[in-house]
Amino acid sequence: MAIGVALTVLVVGLMFASGLSRGKTAKRKYIVWGTTTILIIAPFFSWVVSVLYAISQEEGFAGVALMMLLFPIFFLIGLITLLTGVFKKESVNKSI
């Protein structure tokens, strides 16, 4: 049941981020996907993968260790994506 809720939140969050970034500038897309990665993908995806691994190995500590590896990796990917969007220059064509 808990895995289904986490997967539902993950899918709804990805659909929401996709809707927010559709037809926007590259800067806005980086910001939206960086925030989505930090707030939705990193915690929920790492939790689901870790729980499924812990169940398959029948060892809870292995799941916790995997979560301790996956969460910071996805968080850093999201942070880099977000900062890329924040500091990206908008291309402006100035015609005189």
What's the shortest heavy-atom distance between Ser21 and Lys29, and which atoms? O-CE, 3.1 Å
Write down the atom of Ala54, the atom of Gly63, and the distance for their closest heavy-atom approach. CB-CA, 3.8 Å
Please examine the side chains of Thr81 and Thr37, heavy atoms only from C-beta on, and report whether any two atoms are closer than 4.5 Å. no
When you measure from the side chain of Ser18 to the backbone N and O of Leu14, does any donor-acceptor pair fall under 3.5 Å? no
Would you kindly confirm whether Val9 and Phe74 end up in one hydrophobic cluster when ILVMFWY residues are joined by side chain heavy atoms under 4.5 Å apart? yes
Using every non-hydrogen atom in the two residues, find where Leu70 and Val49 come nearest and quote the distance to one decimal. CD1-CG1, 3.7 Å
From Leu66 CG over to Leu52 CG, what is the distance, rounded to the nearest 0.5 angstrom? 10.5 Å
Could you state the interatomic distance from CZ (Phe87) to NZ (Lys27), rounded to the nearest 0.5 Å? 9.5 Å
Got a second to check how far Ile41's CD1 is from Trp33's CH2, nearest 0.5 Å? 6.0 Å
Please check this pair: side chain of Ser50 against backbone of Trp47, looking for a donor-acceptor N/O pair closer than 3.5 Å. no
For a quick test of reading the model, state the closest non-hydrogen atom pair linking Phe44 to Leu39 and the distance between them. CE1-O, 4.3 Å
Got Leu10 and Phe45 here, is their nearest side-chain heavy-atom distance under 4.5 Å? yes
Looking only at non-hydrogen atoms, find the nearest pair between Thr36 and Ala17 and report the distance. OG1-CB, 3.2 Å
Please tell me whether Ile40 and Phe75 are part of a single hydrophobic cluster in this structure, the criterion being side-chain heavy atoms less than 4.5 Å apart. yes
Are side-chain heavy atoms of Ile3 and Val51 found at a separation under 4.5 Å? yes
Say whether Ile38 and Val11 are linked into one hydrophobic cluster, either directly or through other cluster members, by side-chain heavy-atom distances under 4.5 angstrom. no
Is Met67 reachable from Val48 through a run of I, L, V, M, F, W or Y residues, each pair having side-chain heavy atoms under 4.5 Å apart? yes
For Ile31 versus Thr35, what's the shortest heavy-atom pair and its separation? O-OG1, 2.8 Å
